[in-house]
Novice: 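Take a look at the following structure, please.
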Amino acid sequence: MSTPNDEWPLWEVFIRSKQGLEHKHCGSLHAADARQALQMARDVYTRRQEGVSIWVVPSAAITASEPEAKAEFFDPMGDKIYRHPTFYVLPDELKHM
């Protein structure tokens, strides 16, 4: 049984471009299931054949930090300078870092 679009779950769409190594969020869409979400994402977000891979993730499966918690969530990292890659020398052969 088909349900109206407004009752279908919301899916987040991530596309990997031909030039990229990572998937980037490019939008959202409503679809009945993952298979339909993939097909719709292909039709909507890769019309110019720019993608080589598509991920679709149910929006309900994503957990995000709250904007109000920005200070407590991110500020403590400032005092841990050892986590910044400025102390490491990478060889020239190592690419995409």
Novice: Return the minimal non-hydrogen interatomic distance between H25 and E12, and the atom names on each side.
Specialist: NE2-OE1, 2.6 Å
Novice: Would you say K18's side chain and Q49's backbone share a donor-acceptor pair under 3.5 angstrom?
Specialist: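 Flag set: sc K18 to bb Q49 pair under 3.5 Å.
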Novice: Are H23 and S53 packed together at the side-chain level, in the sense that at least one heavy-atom pair is separated by less than 4.5 angstrom?
Specialist: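 In short, these two side chains touch, coming nearer than 4.5 Å.
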Novice: Measure the spacing between OG of S65 and CD of E72 and express it to the nearest 0.5 Å.
Specialist: 10.0 Å
Novice: With the 4.5 Å side-chain cut-off for hydrophobic clustering, are L10 and V56 part of the same group?
Specialist: no
Novice: Closest approach of C26 and I15, non-hydrogen atoms and distance?
Specialist: SG-CG1, 3.3 Å
Novice: Is the backbone of G51 close enough, under 3.5 Å, to the side chain of T46 for a donor and an acceptor to pair up by distance?
Specialist: no
Novice: Between CG of L29 and CD of Q39, what distance do you get to the nearest 0.5 Å?
Specialist: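 If I round to the nearest 0.5 Å, the distance is 11.5 Å.
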Novice: Is there a chain of hydrophobic side chains (I, L, V, M, F, W, Y, each step under 4.5 Å between heavy atoms) that links Y45 to L38?
Specialist: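 In one cluster with Y45: L38, yes.
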Novice: Kindly say whether P91 contributes a backbone atom to a donor-acceptor pair with the side chain of E93 at under 3.5 angstrom?
Specialist: no
Novice: Which atom names give the shortest non-hydrogen contact between A41 and V13, and what distance separates them?
Specialist: CB-CG1, 3.6 Å
Novice: Please name the pair of heavy atoms, one in W11 and one in D33, separated by the smallest distance, quoted to 0.1 Å.
Specialist: CZ2-C, 3.5 Å
Novice: Can you give me the closest heavy-atom contact between R42 and I54, atom names plus distance?
Specialist: CA-CD1, 3.7 Å
